[in-house]
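Report on the following structure.
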Amino acid sequence: MDKFIIYQVFTRLYGNRNTTRKPNGTIVENGCGKMNDLTPKVLKDIAAMGISHVWFTGIIRHATQTDYSGYGIPRQHPAIVKGRAGSPYAITDYYDVDPDLAVNVRKRMQEFEQLVERTHEAGMKVVIDFVPNHVARQYKSICKPRHVKDLGASDEVSRGFDPQNNFYYCPGERFAPWFDLYAGQQEPYIEEPAKATGNDHFDCAPSKTDWYETVKLNYGVDYYAGCIGHFDPIPDTWKKMTDILLFWASKGIDAFRCDMAEMVPTDFWHYATEAVRARYPHILFIGEVYNPFDYRRYLKNGFDWLYDKVGMYDTMRAVIVHQAPTSAISQAWQQTDDIRTHMLYFLENHDEQRVASDFFAADGRKAVPALAALLLMHQNPYMLYAGEEYGEPGMDSEGFSGHDGRTTIFDYWSIDTLCRAATRQLTDAEVELQAIHKKLMQLARKEKAVTDGLCFDLMYVNQHLQRQYVFLRKAAGELLLVAANFDDSEAEINVTLPAHAFDYLSVKEKKVMAVDLLTKERESMMLRPDGQVRMLVPARGVRVWKMKV
């Protein structure tokens, strides 16, 4: 088996080395990262960290206030674009590449294809977003194949719902949100009849907290009549969106991260994933699903991995900031034990606050024990957000994205730690943090006890440990004893090894020489059923003892 580790790269920001960082700045003022910034060397360095997949976020063309009309790309009215750069989840053309990311705008698709090729040559797989639930309000494809009819082109707009419509409508009503529809332009943005908003807002007046820049796609579910599904005959939206998946699969990508997958009916996912895998059997589908009661239903209908947000992420966040004991980690993984290899663990992504932000832990080093536990305790895939490995705080006020502890997805900006990493100007603490990330990820990828081994959670017999988490991994004749310390002080702990662990892992009583894989320290240990092992674990640190058994 392999341990899969995804590196999320927000492409617009990743390679940008412009440090102007003017709030609400234009692309000319603040610069923009390009696909070509991900050179063979950059990709090789990413792979060397232990990364198996790169998620290039924001590839497909989306709404922006930057004018590309000179290239034949329709302008977007600024009233319905969030931020100067726009949200990568307000798609304007499913068949196009975001021109911001191209050095040569007219060859933007070719530059993407070359990025895919370079990533594969570096030994990694390519993940891109598929945004199935909503599109930008001014969606218009200029790059679709000739035989494809555009979304909404054949809709019966006099009906709020029709199974073969691509959108939902508010017949006889004009789009009338809370904000000024001129936004400094001579002409206002006009939408009549108004379409339903992306976050299931089915009237003409979305609020400030709604996804007002997007419109909801219609998969044959009648929300006006209590969410009744009309799936026979197959809704037109199903066919169009499946064709879009097949188009991108033909570009050589290896996985789709499916945005807000749970807002789209599972019947569609069964239909679409089956169609894609019939031609591209290697393609993985990663679902952003937040309701634990739906996990197994989405897995059954075509998904390979699902976000483990409300379970493991929320639990680990509470443990890191000492709002929950480490025993809560055991409870979290046990909730999904039957599907654990399908649950994607993470500590950061573009939606969540940075660990090092003042809103979370204020120091990226405080998450090291959590990182170790998530990487080493099971075979689950893991996701790392670019900058996390340096302790990027995300505390800028970039413009549309305010002072919220998140790295903006709406503004032209550059990430301080990534800029300094590129010029070797990191602090000692940042270098050290990146090194421990790299060590742990490499261990997770190469240690057979992690990739293929059994796991034995030791917390049930070590309930005295409130801020330490301990477990065993075993494959063939190799045993790992992992102790993660979430305390701010060094901890001297006694870890009980129950007789059941010896039986379950087929380990015999034995005196062994253990080696800490992180520090190379060696220590003699007596492994005895119901006996104890004493060790020192650094503050916010981890021990990974390896021994031959």
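With hydrogens and angles left out, the side-chain atoms of Y412 and D100 include a donor and acceptor closer than 3.5 Å. Between the side chains of Q468 and N485, a donor-acceptor pair is found at a separation under 3.5 Å. For the residue pair T92 / Q138, no side-chain donor-acceptor distance below 3.5 Å is found, with atom types taken as modelled. No side-chain N or O of Y295 forms a donor-acceptor pair with one of Q335 less than 3.5 Å apart. A donor atom on one side chain and an acceptor atom on the other are found under 3.5 Å apart for R257 and Y307. Side-chain contact annotation: D396 with W413, donor-acceptor N/O pair under 3.5 Å present. Remark: the T237 side chain and the N166 side chain contain an N/O donor-acceptor pair separated by less than 3.5 Å. With 3.5 Å as the limit, one finds no donor-acceptor pair spanning the side chains of H230 and D232.
Shown here is H270, whose NE2 atom has no more than 12 heavy atoms of other residues, nucleotides or ligands within 6.0 Å. Other residues, nucleotides and ligands contribute at most 12 non-hydrogen atoms within 6.0 Å of the CZ atom of R365. Residue E432 qualifies as open at atom CD: its count of foreign heavy atoms under 6.0 Å is 12 or below. K125 NZ: 12 or fewer foreign heavy atoms inside a 6.0 Å radius.
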Quiz item: Could you walk me through whether T417 and E430 pass the side chain to side chain donor-acceptor pair (under 3.5 Å) check?
Solution: CA-CA 8 Å; T417 51; E430 289 164 344; over 6 Å; no
Quiz prompt | Worked check of side-chain contact (heavy atoms from CB on, under 4.5 Å) between L517 and W545 | solution = CA-CA 6 Å; L517 295 177; W545 296 107; over 6 Å; no
Practice problem: Would you check, one step at a time, whether the test salt bridge (Lys or Arg N to Asp or Glu O under 4.0 Å) holds for K366 with D363? | Solution: CA-CA 6 Å; K366 291 188 175 183; D363 185 346; 5.9 Å; no
Exercise. Let me see the working for R467 and D488 under side-chain contact (heavy atoms from CB on, under 4.5 Å), right down to the final yes or no.
Key: CA-CA 9 Å; R467 291 189 178 173; D488 294 321; 5.6 Å; no
Practice problem: Could you go through the ring-ring contact (aromatic ring centres under 6.0 Å, His included) check for Y219 and F268 one step at a time? | Solution: CA-CA 8 Å; Y219 285 83; F268 163 75; 4.8 Å; yes
Exercise. Decide side-chain contact (heavy atoms from CB on, under 4.5 Å) for R540 and I320; before the verdict, give the C-alpha distance in whole Å, the side-chain angles of both, and the deciding distance to 0.1 Å.
Key: CA-CA 9 Å; R540 297 287 183 169; I320 289 169; 4.0 Å; yes
Practice problem: Evaluate side-chain contact (heavy atoms from CB on, under 4.5 Å) for L384 paired with E389, printing each intermediate quantity in order. | Solution: CA-CA 8 Å; L384 182 78; E389 67 271 35; 4.0 Å; yes
Exercise. Please report the C-alpha distance between F112 and W248 in whole Å, then the side-chain angles of each, then the deciding distance to 0.1 Å, and finally whether the ring-ring contact (aromatic ring centres under 6.0 Å, His included) criterion is met.
Key: CA-CA 11 Å; F112 172 72; W248 288 102; 5.5 Å; yes
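Salt-bridge formation is detected for the pair D236/K240: a Lys NZ or Arg NE/NH1/NH2 atom is positioned less than 4.0 Å from an Asp or Glu carboxylate oxygen. A salt bridge does not link R354 with E392: none of the charged nitrogens is closer than 4.0 Å to a carboxylate oxygen. Under the 4.0 Å criterion applied to side-chain N and carboxylate O atoms, R61 and D93 are assigned as salt-bridge partners.
Atom CG of L465 and atom OG1 of T326 lie 6.5 Å apart (nearest 0.5 Å). Between the CD atom of E398 and the CZ atom of R84 there is a distance of 15.0 Å, given to the nearest 0.5 Å. Between the NZ atom of K82 and the OH atom of Y212 there is a distance of 5.0 Å, given to the nearest 0.5 Å. We find the CG-CG distance between L497 and L479 to be 8.5 Å, quoted to the nearest 0.5 Å.
Between I234 and K239, the closest side-chain pair of non-hydrogen atoms falls below 4.5 Å. Side-chain contact between V264 and P132: present, with at least one pair of heavy atoms (C-beta onward) separated by less than 4.5 Å. Contact of the Y382 side chain with the L344 side chain is not registered, since no non-hydrogen atoms from C-beta on lie closer than 4.5 Å.
Judged by distance alone, with hydrogens and angles left aside, the side-chain atoms of N462 form no donor-acceptor pair with the main-chain N or O of V470 at under 3.5 Å. Under the 3.5 Å distance criterion, the side-chain polar atoms of R137 are matched with a main-chain donor or acceptor of K195. Checked by atom type and distance alone, the side chain of D259 never pairs as donor or acceptor with a backbone atom of F130 at under 3.5 Å. Using modelled atom types, one side-chain atom of S357 and one backbone atom of F359 make a donor-acceptor pair closer than 3.5 Å. At least one donor-acceptor pair closer than 3.5 Å links the side chain of H437 to the backbone N or O of L433. A distance-only check finds a donor-acceptor pair linking the side chain of E262 to the backbone of Y290 [under 3.5 Å]. Listed for the H201 side chain is no donor-acceptor partner under 3.5 Å among the backbone atoms of A196. Remark: the backbone N or O of D304 is paired with a side-chain donor or acceptor of H342 at under 3.5 angstrom. For D210 (side chain) and S207 (main-chain N/O), a donor-acceptor pair under 3.5 Å exists by modelled atom type. The backbone N or O of D351 sits less than 3.5 Å from a side-chain atom of R406, completing a donor-acceptor pair.
Using a 30° and 60° split on the angle between ring planes, Y469 and F471 fall in the tilted class, from 30° to 60°. Ring orientation note: the planes of W238 and Y271 are tilted relative to one another, at an angle of 30° to 60°.
In this structure, the ring of F285 has its center no less than 6.0 angstrom from the ring center of W305. A distance of 6.0 Å or more separates the ring centres of Y385 and F346.
Remark: of the listed residues F202, F161, Y169, F202 is the sole one forming a ring pair (Phe, Tyr, Trp, His ring centres under 6.0 Å) with Y223. Looking at Q353, M312, Q323 one by one, the single match for side-chain contact (heavy atoms from CB on, under 4.5 Å) with R317 turns out to be Q353. Here the options are N133, T214, D129, the test is side chain to side chain donor-acceptor pair (under 3.5 Å), and the partner is Y89; only D129 passes.
For residues 451-461, the salt bridge (charged side-chain N to carboxylate O under 4.0 Å, His left out) pairs, not counting sequence neighbours, are K448-D452.
Scanning for side chain to side chain contact (heavy atoms under 4.5 Å, CB included) contacts around A47 gives M124, with sequence neighbours left out. For K309, the salt bridge (charged side-chain N to carboxylate O under 4.0 Å, His left out) test picks out D314, with sequence neighbours left out.
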